[in-house]
Amino acid sequence: MPIPLPLDSAREEILAALAVNGSLVLSAPTGSGKSTRIPPMLLGEARGKVLVLEPRRLATRLVAARVAQEMGCPLGGPVGYQTRHEGRVGPDTRLLYLTQGLFLRMLLDDPRLDKVSALVLDEFHERHLDGDIALAMALRLRRTTRPDLAVVVMSATLDTETLSDYLDCPVVKTRGRAFPVEVRHIDAAEDRPPWEAAARAVREIVRAGESGDILVFMPGGYEIRRTVEAVRDLHLPEPLTAFPLHGEMPAEEQDRALAPATNRKVIVATNVAETSITIPGVRHVVDSGLARVARFDPRRGINMLTVQKISRASAEQRAGRAGRTEPGTCRRLWSLYDHQGRSEHETPEIGRVDLSQALLLLNALGVNDIGTFSWLIPPPDAAVRSARDLLASLGATAPDGDPADLDHRFPPPSGNLTELGRQMARVPAHPRLARLVLEGERRGCRDDAALVAALLSERTILRPGPRNPLAAASDDLSDLLARFSQAREHGFDDAFCQGRSLSASAARQVDRTWRQLRQTGQARHHRTARACTHGSADAGRPAGSASNRGLSPPFRSSLSPDPEPRTLPLCLLTAFPDHVAARSRPGSPVFNLTGGRRATLSRETLCTDCDLVLACEIAEIEGGSGLSTVLSLLVPLKPDDLLEMFCNRMGLSSELSWNRETQVVEQIESTRFFDLAIEETRGIPTDRTAAAALLARRIVAEGLHLSGFDDRVEAWVERLRFVATTFPEKGLPVFDDADRQRAIEALCGEDYRYAKVKDRPALEAVRSLLSPAHRRFVDEMAPERIQLPRGHRIRVSYPQGQRPTGRARIQDLYDLPSTPRIAGGRVPLLLEIAGPNNRPLQVTDDLANFWKVLYPQLRAQLQRRYPRHEWR
DNA sequence: GAGCACTGC
């Protein structure tokens with residue numbers, strides 16, 4: 001017999017509100033029983049299925065089991081659940097618990113949710129990206145084809161006004177059942193490490209004779225280790241046992257921290273203890289008020305992990321952990337004044353993370369204009385731009401319209417999924433990894449590529465601790481693959497893995513994901529989704545139980561002799577074209593990463609001697625010694641690999657004899673762009689105009705083939721300011737708007753109108769100053785730095801032939817003695833493609849149509865010359 | 001003062 005809960009009394013109110021509005025926001029604190037009571041309540045009224053979306057797998061399974069038990073039916077009967085790798089769904093399942101992410105996958109197969117009557121979003125206040133998207137899609141359905149779809153949003157926070165405005169529906173609030181927690185603020189000195197204050201607070205609790213276990217919140221593993229040490233050094237009369245607790249720990253060790261102990265426990269935990277894990281016996285919370293938070297920096301395309309002050313809502317949640325079973329206390333290691341200055345909520349995920357996967361999925365769901373999509377809170381523009389750029393560079397989207405009509409490229413369109421993009425959206429992984437899997441399939445190394453994708457998308461299988469080097473592995477990735485295959489050959493045996501500092505559970509997880517990814521997201525995925533919505537013959541059994549044991553598909557180790565040993569690096573290059581790094585100079589530990597970033601190699605890497613690498617992982621870490629960009633999971637590259645990638649992008653064959661060295665050197669040099677430019681600037685005499693012209697030239701040359709242009713202008717101005725203040729003797733300008741205008745005039749001539757760079761994206765501004773023909777020219781020339789086959793050159797010259805230059809790069813245009821006047825779309829320059837022996841192949845004076853007309857001709861010639869080559 | 005939070009398909 002179910003225990004009565006406060007929510008049961010709100011039943012009439014909830015059903016009445018839902019009957020009138022079709023949607024509802026339910027505000028009820030954690031522990032009020034909303035996850036278990038509301039969905040069955042809805043099921044009684046619904047004709048079709050009820051879907052309940054949970055943020056976490058664990059909660060999905062546990063809540064479904066609880067509900068099935070309370071309803072007195074087997075799991076997989078009327079009540080079921082489904083997560084990525086396991087589930088209990090039967091033909092009779094009408095109440096289905098599933099993760100938010102799986103729901104979005106389901107929409108790909110069943111966009112109208114035909115058999116679904118009601119949708120419940122549980123724990124919505126956590127504001128995961130998938131939850132925001134799921135809700136927005138539900139709203140869209142209600143507004144279009146499914147006005148009858150009931151939507152209930154459940155949130156633990158009281159701030160529900162935005163939500164009810166968004167859904168245009170009422171809010172029902174209920175009380176919780178928590179015990180009071182006495183909160184004290186302890187003003188710890190901010191410049192002291194948090195573990196010292198935490199240890200003092202623990203001592204205070206013990207000395208005051210307050211009983212009960214203590215839960216300490218720290219931002220990360222490092223702080224946890226220090227706190228555990230500090231607590232051990234307290235030497236209190238009462239024996240304490242301190243346990244670390246964080247997500248990277250193996251499950252057995254986590255269990256040990258949660259299990260009852262003879263001594264009083266001090267559990268030092270990260271945010272895992274805030275929501276995901278409930279710890280019995282805790283009466284006291286000590287809160288550092290800090291958390292490591294992942295953010296995506298769209299300007300640099302980098303994931304950062306920084307220590308931040310938690311919000312007031314998060315502090316409230318942490319304090320609540322002390323009052324689950326009886327009244328408790330919470331000591332906050334920051335002042336009340338600090339507390340009042342903190343933000344109310346954490347930034348929702350949509351405001352901080354990489355959006356490329358979300359964007360790809362939305363495109364595949366037919367949402368082509370992200371700008372007008374009905375977000376609860378729209379994502380930041382810069383993040384959307386960055387995601388679009390990434391999708392385009394991965395080949396998932398294509399610019400619309402006539403490719404030659406480049407004026408329509410700004411702002412870039414969000415839709416226009418390519419066939420490749422459509423396939424990528426079906427692969428349940430980040431777009432980069434989806435591309436990796438598909439490229440692997442195309443190049444005949446599907447299994448290896450899918451395994452790499454699985455290893456990169458799941459938690460690392462490497463545990464801290466000593467590992468014997470594998471003789472056969474020469475780089476990080478093949479080392480990882482070899483270790484995984486060893487673990488797999490031993491059936492992911494716990495003892496075997498432990499002895500080799502591998503996590504058996506993480507490896508099993510990778511194995512499951514690998515099995516899914518190697519199907520490239522099509523056949524199997526259909527089945528899963530069908531099972532969710534329509535039921536299927538093999539449902540009702542834990543999914544994967546048949547395939548996970550015994551029968552194992554042949555595993556081709558990447559260490560086995562490979563007829564095409566460079567295949568995997570080439571696949572990786574399509575997935576991570578911007579993760580290439582070159583050593584800054586021989587022997588230096590500093591690497592230059594594409595886009596002007598600097599980085600160092602991870603300590604664990606095997607590729608210590610490589611000069612050109614691809615980094616599967618790039619992270620910016622805020623550690624004890626400041627901020628550093630660290631490259632890890634490295635694969636050595638050969639210059640030929642880069643060449644191959646360029647050729648692929650150009651649709652040309654690398655078998656032609658190209659001018660390889662030039663290309664590679666150029667690419668590597670472009671990664672050092674900012675440093676070179678600064679050196680140049682330093683050497684310039686005290687001439688403001690010259691400095692401005694240099695800046696403008698660089699802006700155009702750099703900005704047109706890289707994204708995030710406006711930010712680059714700002715970065716550039718910053719750099720110049722830095723140089724100006726560091727080398728005052730050079731008399732360089734402090735760069736202001738007047739200098740900007742001068743720069744643009746130097747670039748374009750004085751009769752062009754000045755557009756304020758700050759107001760609009762700088763690229764737009766500079767481009768708008770150019771005539772249409774000139775604009776097309778720079779657009780087409782600079783982006784890819786198109787190269788010609790060996791012996792062929794592009795020459796730029798005046799009609800009179802005053803100043804022919806070497807290769808036609810955009811800088812060369814601005815190196816001409818005076819800026820060419822442009823009129824009527826005709827450019828008084830001659831462009832010629834010179835063949836071997838300088839024999840001109842083509843000449844034109846129409847720059848606007850140069851690539852449109854000449855490039856296909858050139859390509860046709862090449863095709864005739866190399867007929868046996870396979871042209872793409 | 002070793003260099004890393006938590007989810008999820």
Side-chain angles (χ1 to χ4, degrees), chain A residues 53-60 82-85 98-109 123 126-131 133-134 191-196 217-227 229-230 245-249 269-277 290-295 303-308 310 314 346 349 352-353 357-358 360-361 364 424-431 433-434 453-454 457-460 464 509 512-513 516-517 521 524-525 528-529 532 599-605 617-632:
Chain A
L53 276 48
E54 296 284 340
R56 274 175 296 283
R57 293 178 194 166
L58 188 69
T60 307
Q82 181 76 50
T83 60
R84 179 175 193 172
H85 294 305
L98 74 171
T99 47
Q100 295 170 343
L102 194 61
F103 169 75
L104 295 179
R105 294 281 138 195
M106 203 168 102
L107 276 182
L108 280 176
D109 285 315
E123 309 281 6
E126 292 191 13
R127 297 299 305 280
H128 296 275
L129 178 55
D130 285 349
I133 295 174
D191 55 339
R192 303 295 304 160
W195 51 86
E196 289 183 6
F217 282 103
M218 282 287 155
Y222 174 70
E223 291 84 355
I224 287 176
R225 274 196 300 280
R226 302 287 302 196
T227 311
E229 283 166 21
L245 178 64
H246 54 84
E248 295 269 297
M249 275 166 43
T270 58
N271 260 345
V272 269
E274 188 179 305
T275 49
S276 315
I277 296 173
L290 302 171
R292 279 211 167 71
V293 179
R295 273 175 186 281
N303 282 311
M304 299 185 305
L305 207 53
T306 58
V307 176
Q308 296 194 348
I310 60 169
S314 175
E346 302 304 326
E349 220 177 41
R352 344 180 295 252
V353 301
Q357 194 174 351
L360 181 60
L361 184 88
M424 282 166 65
R426 290 261 161 195
V427 181
H430 187 276
L433 302 179
S457 66
E458 297 295 333
R459 173 169 293 173
T460 174
Q509 188 71 25
R512 283 194 285 265
T513 301
Q516 190 182 34
L517 290 179
R524 186 181 177 279
H525 186 77
T528 317
C532 290
T600 53
L601 305 189
S602 93
R603 283 197 202 120
E604 297 86 19
T605 186
E617 291 176 349
I618 302 177
E620 188 146 280
I621 297 166
E622 191 178 48
S625 50
L627 221 59
S628 54
T629 303
V630 181
L631 311 177
S632 51

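In the text below, chain A, chain B and the rest are named by the order of the sequence lines, each starting its count at 1.
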Are any of the side-chain heavy atoms of A:Leu290 and A:Glu223 separated by less than 4.5 Å? no
N or O in side chain of A:Thr270 less than 4.0 angstrom from B:dC6 OP1/OP2: yes
Which string of ( ) [ ] | and . matches DNA chain B, if you list each base 5' to 3' and count Watson-Crick or G-U pairs only when both distances are under 3.5 Å? .........
Apply side chain to side chain donor-acceptor pair (under 3.5 Å) to A:Thr275 and list each qualifying residue two or more places apart in sequence or on a separate chain. none
Mind checking what makes side chain to side chain donor-acceptor pair (under 3.5 Å) contact with A:Glu458, not counting sequence neighbours? A:Thr513
Run the side chain to side chain contact (heavy atoms under 4.5 Å, CB included) test against A:Thr270 and tell me which residues pass, sequence neighbours left out. A:Ile224, A:His246, A:Val272
Side chain to side chain contact (heavy atoms under 4.5 Å, CB included) with A:Gln100: which residues, sequence neighbours excluded? A:Leu53, A:Pro55, A:His128, A:Asp130
Should the side chain of A:Glu274 and the base of B:dC6 be counted as holding a donor-acceptor pair, with the cut-off at 3.5 Å? no
With no angle test and no hydrogens, is the base of B:dG8 tied to the side chain of A:Glu54 by a donor-acceptor pair under 3.5 Å? no
Which nucleotide sits closest to the side chain of [X]: [options]?
X	options	value
A:Arg57	B:dC6, B:dG8, B:dT7	B:dG8
A:Ala294	B:dG3, B:dC4, B:dA5	B:dA5
A:Tyr222	B:dC9, B:dG3, B:dG1	B:dG1

What residues form a salt bridge (charged side-chain N to carboxylate O under 4.0 Å, His left out) with A:Glu123, not counting sequence neighbours? none
